[in-house]
Amino acid sequence: MDAEHILLCDRRHLWHPYASLRNPPPVFAAARAHGMAIELADGTELLDGIANWWSAAHGHGNPEITAAMRRQAEKMPHVMFGGFTHEPAAALAERLAEFLPGGMANVFLADSGSIAVEVAAKMAVQYQTAKGRPGRTRLLALKGGYHGDTAGAMALSDPDGMHTLFRGLMPHHFFAEKPRSPFGGGWIEGDAASAAEILDRHDGEIAGVFCEPVFQAANAMWFYHPQYLRELRTLCSARDIPLVFDEIAAGFYRTGTLWAHDRSGIRPDIMCIGKALSGGHVTLGATAASDAVADAISAGRPAAFMHGPTYMANPIACAAAEASLSLFAKGGTAAKVAAIESAFKASIARSGAGKLENVRATRVLGAVAVLEVEALPSQKDIARTILETGVWLRPFGNWIYSIPPLIATAADIDRIVEAMTALAALPPAPPPADPGFHE
Ligand SMILES: *Cc1c(COP(=O)(O)O)cnc(C)c1O
(Lines give C-alpha, C1' and ligand atoms only; values in the text may rest on other atoms or scores of the structure.)
Protein backbone atom coordinates (compact mmCIF):
# COMPACT_ATOMS: atom_id res chain seq x y z
CA MET A 1 0.00 0.00 0.00
CA ASP A 2 1.24 3.51 -0.67
CA ALA A 3 1.02 6.19 2.04
CA GLU A 4 -2.11 7.72 0.55
CA HIS A 5 -4.00 4.42 0.51
CA ILE A 6 -2.95 3.64 4.10
CA LEU A 7 -4.23 6.99 5.30
CA LEU A 8 -7.45 6.61 3.30
CA CYS A 9 -8.30 3.18 4.82
CA ASP A 10 -7.31 4.44 8.24
CA ARG A 11 -9.50 7.49 7.90
CA ARG A 12 -12.44 5.37 6.75
CA HIS A 13 -12.33 2.65 9.41
CA LEU A 14 -10.00 3.13 12.35
CA TRP A 15 -10.33 4.76 15.69
CA HIS A 16 -7.12 6.15 17.20
CA PRO A 17 -6.44 6.66 20.92
CA TYR A 18 -8.56 9.48 22.31
CA ALA A 19 -9.67 10.62 18.88
CA SER A 20 -12.81 11.20 16.88
CA LEU A 21 -13.50 8.69 14.09
CA ARG A 22 -15.25 11.23 11.85
CA ASN A 23 -13.10 14.28 12.49
CA PRO A 24 -9.77 12.83 13.60
CA PRO A 25 -6.60 14.75 14.44
CA PRO A 26 -3.70 14.27 11.97
CA VAL A 27 -1.87 10.91 11.98
CA PHE A 28 1.34 9.91 10.22
CA ALA A 29 1.76 6.61 8.37
CA ALA A 30 4.75 4.85 9.97
CA ALA A 31 6.58 2.28 7.86
CA ARG A 32 9.73 1.35 9.78
CA ALA A 33 11.36 2.15 13.10
CA HIS A 34 14.94 1.77 14.26
CA GLY A 35 16.93 3.25 17.11
CA MET A 36 15.72 6.78 17.79
CA ALA A 37 13.82 7.03 14.49
CA ILE A 38 10.33 6.37 13.22
CA GLU A 39 10.37 6.36 9.42
CA LEU A 40 7.19 7.40 7.62
CA ALA A 41 5.77 5.74 4.51
CA ASP A 42 6.97 8.70 2.42
CA GLY A 43 10.54 8.33 3.72
CA THR A 44 10.45 11.18 6.28
CA GLU A 45 12.31 10.31 9.50
CA LEU A 46 11.10 11.50 12.89
CA LEU A 47 13.28 11.44 16.01
CA ASP A 48 11.13 9.81 18.70
CA GLY A 49 10.99 12.11 21.73
CA ILE A 50 8.53 9.93 23.65
CA ALA A 51 9.85 6.38 23.09
CA ASN A 52 6.70 4.72 21.75
CA TRP A 53 4.59 6.04 24.62
CA TRP A 54 7.43 5.61 27.11
CA SER A 55 8.14 1.96 26.34
CA ALA A 56 11.00 1.77 23.82
CA ALA A 57 13.76 2.14 26.40
CA HIS A 58 16.41 0.48 24.18
CA GLY A 59 15.21 2.31 21.07
CA HIS A 60 12.97 1.06 18.27
CA GLY A 61 13.47 -2.32 16.63
CA ASN A 62 16.26 -3.40 18.94
CA PRO A 63 17.90 -6.30 17.02
CA GLU A 64 18.29 -8.57 20.07
CA ILE A 65 14.65 -8.20 21.11
CA THR A 66 13.48 -8.65 17.53
CA ALA A 67 15.61 -11.80 17.09
CA ALA A 68 14.28 -13.30 20.33
CA MET A 69 10.71 -12.70 19.14
CA ARG A 70 11.43 -14.20 15.72
CA ARG A 71 13.02 -17.34 17.21
CA GLN A 72 10.05 -17.82 19.52
CA ALA A 73 7.46 -17.16 16.78
CA GLU A 74 8.92 -19.99 14.71
CA LYS A 75 8.86 -22.46 17.61
CA MET A 76 5.57 -21.71 19.32
CA PRO A 77 3.80 -18.35 19.03
CA HIS A 78 1.40 -19.23 21.82
CA VAL A 79 0.25 -21.95 24.13
CA MET A 80 -2.37 -21.50 26.83
CA PHE A 81 -0.88 -20.91 30.29
CA GLY A 82 -3.67 -22.84 31.98
CA GLY A 83 -2.12 -26.28 32.38
CA PHE A 84 1.09 -25.44 30.46
CA THR A 85 4.28 -23.56 31.08
CA HIS A 86 7.17 -22.83 28.73
CA GLU A 87 10.78 -21.71 28.55
CA PRO A 88 10.16 -18.02 27.64
CA ALA A 89 7.94 -17.54 30.72
CA ALA A 90 10.37 -19.42 32.98
CA ALA A 91 13.38 -17.51 31.64
CA LEU A 92 11.56 -14.20 32.02
CA ALA A 93 10.56 -15.02 35.60
CA GLU A 94 14.11 -16.01 36.50
CA ARG A 95 15.46 -12.81 34.95
CA LEU A 96 12.76 -10.58 36.46
CA ALA A 97 13.57 -11.94 39.91
CA GLU A 98 17.01 -10.26 39.61
CA PHE A 99 15.28 -6.91 39.23
CA LEU A 100 12.44 -7.21 41.73
CA PRO A 101 12.95 -6.19 45.37
CA GLY A 102 13.77 -9.11 47.68
CA GLY A 103 10.79 -11.28 48.62
CA MET A 104 8.69 -10.02 45.71
CA ALA A 105 9.47 -12.57 43.01
CA ASN A 106 5.87 -13.83 42.84
CA VAL A 107 4.77 -12.80 39.38
CA PHE A 108 1.50 -12.69 37.46
CA LEU A 109 2.07 -12.00 33.76
CA ALA A 110 -0.62 -9.68 32.39
CA ASP A 111 -1.57 -8.57 28.88
CA SER A 112 -0.81 -4.90 29.45
CA GLY A 113 -0.15 -2.28 32.09
CA SER A 114 -3.85 -1.71 32.71
CA ILE A 115 -4.40 -5.41 33.26
CA ALA A 116 -1.44 -5.54 35.66
CA VAL A 117 -3.31 -2.88 37.68
CA GLU A 118 -6.58 -4.84 37.56
CA VAL A 119 -4.66 -7.88 38.80
CA ALA A 120 -3.12 -5.86 41.65
CA ALA A 121 -6.57 -4.64 42.71
CA LYS A 122 -7.90 -8.21 42.76
CA MET A 123 -4.85 -9.33 44.75
CA ALA A 124 -5.49 -6.64 47.38
CA VAL A 125 -9.12 -7.72 47.74
CA GLN A 126 -8.28 -11.44 47.84
CA TYR A 127 -5.60 -10.72 50.43
CA GLN A 128 -8.15 -9.07 52.70
CA THR A 129 -10.68 -11.88 52.21
CA ALA A 130 -7.99 -14.43 53.01
CA LYS A 131 -7.23 -12.50 56.21
CA GLY A 132 -10.89 -12.72 57.24
CA ARG A 133 -11.81 -9.15 56.28
CA PRO A 134 -14.22 -9.55 53.35
CA GLY A 135 -15.65 -6.05 53.96
CA ARG A 136 -12.46 -4.49 52.64
CA THR A 137 -13.26 -4.16 48.94
CA ARG A 138 -12.55 -0.53 48.14
CA LEU A 139 -9.27 1.14 47.31
CA LEU A 140 -7.44 4.37 48.06
CA ALA A 141 -5.55 6.16 45.28
CA LEU A 142 -4.13 9.64 44.73
CA LYS A 143 -5.54 12.64 42.93
CA GLY A 144 -3.35 13.33 39.90
CA GLY A 145 -2.72 9.60 39.42
CA TYR A 146 -3.13 7.49 36.31
CA HIS A 147 -3.35 3.70 36.27
CA GLY A 148 -4.74 2.73 32.88
CA ASP A 149 -7.80 2.70 30.65
CA THR A 150 -9.75 -0.44 31.59
CA ALA A 151 -12.66 0.14 33.96
CA GLY A 152 -10.91 -1.04 37.12
CA ALA A 153 -7.78 0.97 36.33
CA MET A 154 -9.75 4.06 35.33
CA ALA A 155 -11.54 3.88 38.66
CA LEU A 156 -8.15 4.36 40.37
CA SER A 157 -7.10 7.29 38.19
CA ASP A 158 -7.61 10.98 39.02
CA PRO A 159 -11.39 11.39 39.44
CA ASP A 160 -11.19 14.80 37.76
CA GLY A 161 -8.83 13.65 35.03
CA MET A 162 -9.51 12.18 31.63
CA HIS A 163 -12.02 9.56 32.80
CA THR A 164 -14.75 11.72 34.44
CA LEU A 165 -17.12 10.73 31.62
CA PHE A 166 -17.21 7.14 32.90
CA ARG A 167 -17.81 7.86 36.56
CA GLY A 168 -21.16 6.06 36.45
CA LEU A 169 -19.54 2.95 35.00
CA MET A 170 -16.77 2.65 37.56
CA PRO A 171 -16.55 1.33 41.10
CA HIS A 172 -16.28 4.15 43.60
CA HIS A 173 -12.93 4.44 45.38
CA PHE A 174 -11.30 6.99 47.70
CA PHE A 175 -8.83 9.67 46.63
CA ALA A 176 -6.23 11.40 48.76
CA GLU A 177 -4.96 14.86 47.85
CA LYS A 178 -2.12 14.89 45.34
CA PRO A 179 1.29 15.07 47.08
CA ARG A 180 2.42 18.71 47.14
CA SER A 181 6.00 18.29 48.34
CA PRO A 182 8.16 18.45 45.23
CA PHE A 183 10.92 15.99 44.46
CA GLY A 184 14.22 17.61 45.34
CA GLY A 185 12.49 20.24 47.50
CA GLY A 186 11.42 20.38 51.12
CA TRP A 187 8.94 18.00 52.70
CA ILE A 188 5.70 19.81 53.55
CA GLU A 189 4.61 18.65 57.01
CA GLY A 190 1.20 16.99 56.84
CA ASP A 191 1.38 16.25 53.10
CA ALA A 192 0.08 12.72 53.72
CA ALA A 193 -2.61 13.84 56.20
CA SER A 194 -5.37 13.45 53.62
CA ALA A 195 -4.46 9.78 53.03
CA ALA A 196 -4.24 9.19 56.80
CA GLU A 197 -7.61 10.79 57.41
CA ILE A 198 -9.37 8.69 54.73
CA LEU A 199 -7.77 5.50 56.04
CA ASP A 200 -8.99 6.32 59.55
CA ARG A 201 -12.49 7.26 58.46
CA HIS A 202 -12.95 4.20 56.24
CA ASP A 203 -11.12 1.64 58.29
CA GLY A 204 -12.69 -1.71 57.50
CA GLU A 205 -13.59 -0.72 53.91
CA ILE A 206 -10.21 -0.21 52.25
CA ALA A 207 -8.40 -3.22 50.75
CA GLY A 208 -5.35 -1.55 49.20
CA VAL A 209 -3.56 1.74 48.57
CA PHE A 210 -2.36 2.57 45.03
CA CYS A 211 0.06 5.18 43.77
CA GLU A 212 2.62 5.92 41.10
CA PRO A 213 5.77 6.30 43.21
CA VAL A 214 7.62 9.66 42.88
CA PHE A 215 6.46 10.30 39.29
CA GLN A 216 2.77 10.95 38.65
CA ALA A 217 2.78 10.59 34.88
CA ALA A 218 -0.22 10.72 32.53
CA ASN A 219 -2.52 12.79 34.74
CA ALA A 220 -0.02 15.19 36.32
CA MET A 221 3.55 15.02 34.91
CA TRP A 222 4.64 15.73 38.50
CA PHE A 223 7.62 14.56 40.58
CA TYR A 224 7.00 14.37 44.33
CA HIS A 225 8.94 13.83 47.53
CA PRO A 226 9.82 10.20 48.42
CA GLN A 227 8.92 10.96 52.06
CA TYR A 228 5.32 10.62 50.88
CA LEU A 229 5.95 6.93 50.16
CA ARG A 230 7.46 6.39 53.61
CA GLU A 231 4.35 7.93 55.17
CA LEU A 232 2.08 5.67 53.09
CA ARG A 233 4.20 2.67 54.11
CA THR A 234 3.67 3.43 57.80
CA LEU A 235 -0.07 4.01 57.35
CA CYS A 236 -0.54 0.77 55.38
CA SER A 237 1.59 -1.42 57.63
CA ALA A 238 -0.32 -0.27 60.72
CA ARG A 239 -3.60 -1.43 59.13
CA ASP A 240 -2.37 -4.50 57.24
CA ILE A 241 -3.35 -2.91 53.93
CA PRO A 242 -1.22 -3.84 50.89
CA LEU A 243 0.62 -0.85 49.44
CA VAL A 244 0.64 -1.05 45.64
CA PHE A 245 3.22 0.83 43.57
CA ASP A 246 2.40 1.31 39.91
CA GLU A 247 5.90 1.43 38.36
CA ILE A 248 4.58 0.95 34.81
CA ALA A 249 5.81 4.36 33.61
CA ALA A 250 8.61 4.98 36.10
CA GLY A 251 10.24 1.54 36.34
CA PHE A 252 13.45 0.44 34.62
CA TYR A 253 15.51 3.56 35.38
CA ARG A 254 13.15 6.11 33.79
CA THR A 255 13.50 8.48 36.75
CA GLY A 256 17.16 7.61 37.43
CA THR A 257 16.93 4.58 39.74
CA LEU A 258 15.84 1.04 38.74
CA TRP A 259 12.49 1.61 40.46
CA ALA A 260 11.25 5.10 41.23
CA HIS A 261 10.46 3.95 44.78
CA ASP A 262 14.15 3.04 45.33
CA ARG A 263 14.48 6.72 46.35
CA SER A 264 12.32 6.06 49.40
CA GLY A 265 14.12 3.13 50.99
CA ILE A 266 10.80 1.33 51.57
CA ARG A 267 9.13 -1.46 49.60
CA PRO A 268 5.58 -2.00 48.39
CA ASP A 269 3.57 -5.20 48.92
CA ILE A 270 2.45 -5.35 45.29
CA MET A 271 4.09 -3.81 42.25
CA CYS A 272 2.81 -3.26 38.69
CA ILE A 273 5.23 -3.10 35.79
CA GLY A 274 4.86 -2.76 32.03
CA LYS A 275 5.91 -0.39 29.25
CA ALA A 276 9.76 -0.79 29.11
CA LEU A 277 9.39 -4.39 30.37
CA SER A 278 9.10 -5.61 26.77
CA GLY A 279 11.19 -2.76 25.36
CA GLY A 280 8.34 -1.21 23.41
CA HIS A 281 8.06 -4.17 21.02
CA VAL A 282 4.88 -5.89 22.16
CA THR A 283 2.30 -5.58 24.91
CA LEU A 284 3.13 -7.13 28.29
CA GLY A 285 2.61 -6.24 31.93
CA ALA A 286 3.37 -7.96 35.20
CA THR A 287 2.17 -7.80 38.78
CA ALA A 288 4.63 -8.83 41.49
CA ALA A 289 3.41 -9.69 44.98
CA SER A 290 5.35 -9.97 48.23
CA ASP A 291 5.75 -13.39 49.80
CA ALA A 292 3.25 -12.35 52.51
CA VAL A 293 0.58 -11.43 49.94
CA ALA A 294 1.23 -14.54 47.82
CA ASP A 295 1.18 -16.80 50.90
CA ALA A 296 -2.04 -15.29 52.25
CA ILE A 297 -3.91 -15.54 48.93
CA SER A 298 -2.71 -19.12 48.45
CA ALA A 299 -3.94 -20.06 51.94
CA GLY A 300 -7.28 -18.26 51.53
CA ARG A 301 -10.56 -19.32 50.04
CA PRO A 302 -10.64 -19.93 47.13
CA ALA A 303 -7.02 -21.02 47.50
CA ALA A 304 -6.36 -19.70 44.02
CA PHE A 305 -5.78 -16.32 42.47
CA MET A 306 -8.80 -15.64 40.29
CA HIS A 307 -7.58 -14.23 36.99
CA GLY A 308 -6.50 -15.86 33.72
CA PRO A 309 -6.60 -14.22 30.30
CA THR A 310 -6.53 -16.22 27.05
CA TYR A 311 -3.13 -14.93 25.96
CA MET A 312 -1.57 -14.99 29.42
CA ALA A 313 2.25 -15.28 29.33
CA ASN A 314 2.32 -15.17 25.54
CA PRO A 315 5.67 -16.76 24.63
CA ILE A 316 6.62 -14.12 22.03
CA ALA A 317 5.95 -11.33 24.54
CA CYS A 318 7.88 -13.20 27.24
CA ALA A 319 10.83 -13.69 24.86
CA ALA A 320 10.79 -9.96 24.04
CA ALA A 321 10.72 -9.04 27.73
CA GLU A 322 13.50 -11.47 28.62
CA ALA A 323 15.64 -9.92 25.88
CA SER A 324 14.75 -6.41 27.10
CA LEU A 325 15.72 -7.31 30.67
CA SER A 326 18.96 -8.91 29.43
CA LEU A 327 19.86 -5.55 27.90
CA PHE A 328 19.16 -3.81 31.22
CA ALA A 329 21.16 -6.53 33.01
CA LYS A 330 24.29 -5.60 31.04
CA GLY A 331 24.35 -2.51 33.28
CA GLY A 332 25.06 1.12 32.53
CA THR A 333 21.43 2.24 32.19
CA ALA A 334 21.49 4.41 35.32
CA ALA A 335 24.55 6.21 33.93
CA LYS A 336 22.81 6.71 30.57
CA VAL A 337 19.80 8.20 32.35
CA ALA A 338 22.03 10.49 34.42
CA ALA A 339 23.64 11.73 31.19
CA ILE A 340 20.21 12.32 29.62
CA GLU A 341 19.08 14.20 32.76
CA SER A 342 22.13 16.51 32.59
CA ALA A 343 21.63 17.02 28.86
CA PHE A 344 17.97 17.94 29.37
CA LYS A 345 18.81 20.40 32.15
CA ALA A 346 21.59 22.09 30.16
CA SER A 347 19.58 22.18 26.95
CA ILE A 348 16.44 23.60 28.59
CA ALA A 349 18.53 26.27 30.33
CA ARG A 350 20.14 27.24 26.99
CA SER A 351 16.82 27.22 25.12
CA GLY A 352 15.23 29.92 27.27
CA ALA A 353 12.01 27.82 27.26
CA GLY A 354 11.42 28.68 30.92
CA LYS A 355 11.13 32.36 30.05
CA LEU A 356 8.44 31.95 27.40
CA GLU A 357 5.16 33.61 28.28
CA ASN A 358 3.23 30.34 27.79
CA VAL A 359 5.53 28.31 30.08
CA ARG A 360 4.53 28.06 33.76
CA ALA A 361 7.27 25.69 34.90
CA THR A 362 10.00 23.37 33.66
CA ARG A 363 10.85 20.07 35.36
CA VAL A 364 13.43 17.35 34.73
CA LEU A 365 13.93 14.07 36.57
CA GLY A 366 15.96 11.24 35.05
CA ALA A 367 14.93 10.81 31.42
CA VAL A 368 11.73 12.82 31.78
CA ALA A 369 11.54 16.51 30.81
CA VAL A 370 8.40 18.60 31.15
CA LEU A 371 7.42 22.10 30.06
CA GLU A 372 4.19 22.93 31.84
CA VAL A 373 2.28 25.43 29.70
CA GLU A 374 -0.79 27.62 30.08
CA ALA A 375 -2.29 26.06 26.96
CA LEU A 376 -1.22 23.86 24.06
CA PRO A 377 -1.10 24.97 20.44
CA SER A 378 -3.70 23.58 18.01
CA GLN A 379 -3.41 19.98 16.79
CA LYS A 380 -2.66 21.34 13.31
CA ASP A 381 0.17 23.56 14.56
CA ILE A 382 1.59 20.66 16.56
CA ALA A 383 1.59 18.35 13.51
CA ARG A 384 3.22 21.03 11.33
CA THR A 385 5.95 21.64 13.94
CA ILE A 386 6.66 17.91 14.19
CA LEU A 387 7.31 17.76 10.44
CA GLU A 388 9.35 20.99 10.46
CA THR A 389 11.56 19.94 13.37
CA GLY A 390 11.58 16.22 12.52
CA VAL A 391 10.92 15.41 16.20
CA TRP A 392 7.98 13.28 17.29
CA LEU A 393 6.27 14.64 20.41
CA ARG A 394 2.73 14.26 21.69
CA PRO A 395 1.84 17.09 24.07
CA PHE A 396 -1.33 16.66 26.13
CA GLY A 397 -3.14 18.43 28.95
CA ASN A 398 -0.84 21.28 29.98
CA TRP A 399 2.35 19.48 29.15
CA ILE A 400 4.91 19.52 26.38
CA TYR A 401 7.17 16.72 27.52
CA SER A 402 9.79 14.24 26.43
CA ILE A 403 10.35 10.67 27.65
CA PRO A 404 12.94 9.55 25.10
CA PRO A 405 14.51 6.13 24.45
CA LEU A 406 17.43 5.72 26.86
CA ILE A 407 19.84 5.47 23.92
CA ALA A 408 19.33 9.20 23.20
CA THR A 409 22.58 11.16 22.74
CA ALA A 410 23.17 14.73 23.93
CA ALA A 411 22.65 15.84 20.31
CA ASP A 412 19.28 14.03 20.21
CA ILE A 413 18.27 15.74 23.47
CA ASP A 414 19.19 19.15 22.01
CA ARG A 415 16.97 18.50 19.00
CA ILE A 416 14.12 17.33 21.24
CA VAL A 417 14.37 20.41 23.48
CA GLU A 418 14.48 22.67 20.42
CA ALA A 419 11.23 21.09 19.21
CA MET A 420 9.63 21.33 22.68
CA THR A 421 10.59 25.01 22.82
CA ALA A 422 9.22 25.63 19.33
CA LEU A 423 5.90 24.09 20.42
CA ALA A 424 5.80 26.16 23.61
CA ALA A 425 6.41 29.33 21.59
CA LEU A 426 3.39 28.75 19.32
CA PRO A 427 0.16 30.63 20.00
CA PRO A 428 -2.07 28.63 22.36
CA ALA A 429 -5.17 27.15 20.74
CA PRO A 430 -8.54 28.40 21.94
CA PRO A 431 -9.93 26.07 24.64
CA PRO A 432 -11.36 22.96 22.94
CA ALA A 433 -15.07 22.34 22.80
CA ASP A 434 -14.41 18.80 23.93
CA PRO A 435 -12.17 17.88 26.86
CA GLY A 436 -8.93 17.39 24.98
CA PHE A 437 -6.40 14.71 24.42
CA HIS A 438 -4.63 11.99 26.28
CA GLU A 439 -0.87 11.55 26.53
C1 LIG B 1 0.69 3.51 30.76
C2 LIG B 1 0.33 3.30 32.18
C3 LIG B 1 -0.59 2.32 32.56
C4 LIG B 1 -1.38 1.51 31.56
O5 LIG B 1 -0.59 0.66 30.79
P6 LIG B 1 -1.16 0.11 29.39
O7 LIG B 1 -0.12 -0.84 28.93
O8 LIG B 1 -1.34 1.31 28.52
O9 LIG B 1 -2.47 -0.54 29.69
C10 LIG B 1 -0.81 2.12 33.91
N11 LIG B 1 -0.17 2.86 34.84
C12 LIG B 1 0.73 3.80 34.51
C13 LIG B 1 1.45 4.55 35.58
C14 LIG B 1 1.00 4.08 33.17
O15 LIG B 1 1.85 5.05 32.85
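Order of appearance sets the numbers: ligands from 1, and atoms from 1 within every ligand.
Ion pair Arg95/Glu98 flagged as a salt bridge, since at least one NZ, NE, NH1 or NH2 atom sits closer than 4.0 Å to an Asp/Glu carboxylate oxygen.
When all heavy atoms of Ala207 and Arg136 are compared, the pair lying nearest together is CB-O, 3.2 Å.
A donor-acceptor contact shorter than 3.5 Å is absent between the side chain of Ser278 and the backbone of Thr283.
Residue-ligand proximity, Ser114 to ligand 1, at heavy-atom distances under 4.0 Å covers atoms 4 (C), 5 (O), 6 (P), 9 (O). Heavy-atom contacts of His147 reach the following atoms of ligand 1: 10 (C), 11 (N) (cutoff under 4.0 Å). Applying the 4.0 Å criterion to heavy atoms of Glu212 picks out, from ligand 1, the atoms 13 (C). Near Lys275, meaning under 4.0 Å from one of its heavy atoms, ligand 1 places the atoms 1 (C), 2 (C), 3 (C), 14 (C), 15 (O). Each of the following atoms of ligand 1 lies closer than 4.0 Å to a heavy atom of Tyr146: 2 (C), 3 (C), 11 (N), 12 (C), 13 (C), 14 (C). Using a 4.0 Å cut-off to heavy atoms of Ser112, the atoms of ligand 1 that qualify are 7 (O), 9 (O).
Ligand 1 has at least one atom lying under 4.0 Å from a heavy atom of Trp54.
Between Asp246 and Tyr146, the side chains place no donor N or O within less than 3.5 Å of an acceptor N or O (distance only, hydrogens not considered). Judged purely by distance below 3.5 Å, without hydrogens or angles, the side chains of Glu118 and Ser114 never pair a donor atom with an acceptor atom.
In terms of N/O distances under 3.5 Å, ligand 1 is approached by Asp246. At least one N or O atom of Gly113 sits closer than 3.5 Å to an N or O atom of ligand 1.
In this structure, Phe328 and Tyr253 have tilted ring planes: the angle between them lies in the 30° to 60° band.
Atom CD of Glu87 has 12 or fewer neighbouring heavy atoms from other residues, nucleotides or ligands inside a 6.0 Å radius.
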